[in-house]
Amino acid sequence: MITLEVQDMTCGGCAGKVGRAIKAVDDEATFEIDLAQRTVLVSSTVSVADICTTLAEAGFPAKHRD
């Protein structure tokens, strides 16, 4: 799983949009959103770069965290 930091994800509505964006790029992806920490754990066959690009296009720039 990869960890993404999404600082602009501040509410439940934002979390829903982030989830929909991830599913748009990979409908087989699984993810866990931690709104308090503003992080998303993602398991996907799509590259981290593609996921981050999709999230940025949805208005939620993400940074890969090790």
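Since this is a predicted model, take the numbers as computed values, not measurements.
Residues satisfying the side chain to side chain contact (heavy atoms under 4.5 Å, CB included) criterion with Ala29, sequence neighbours excluded, are Ile22, Asp26, Ser44.
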What pairs of donor and acceptor atoms, side-chain ones from residues 1-16 against any protein atom, are under 3.5 angstrom apart with sequence neighbours left out?
from, atom 1, to, atom 2, distance (Å)
Glu5, OE2, Gln7, NE2, 2.9

For residues 46-61, which side-chain N or O atoms pair as donor and acceptor with protein atoms under 3.5 Å away, sequence neighbours left out?
from, atom 1, to, atom 2, distance (Å)
Ser47, OG, Asp50, N, 3.1
Ser47, OG, Asp50, OD2, 3.3
Thr53, OG1, Ala49, O, 2.9
Thr54, OG1, Asp50, O, 3.0

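The side-chain heavy atoms of Thr45 and Glu28, taken from C-beta on, include no pair separated by under 4.5 Å.
Note on residues 15-25: no pairs pass salt bridge (Lys or Arg N to Asp or Glu O under 4.0 Å), not counting sequence neighbours.
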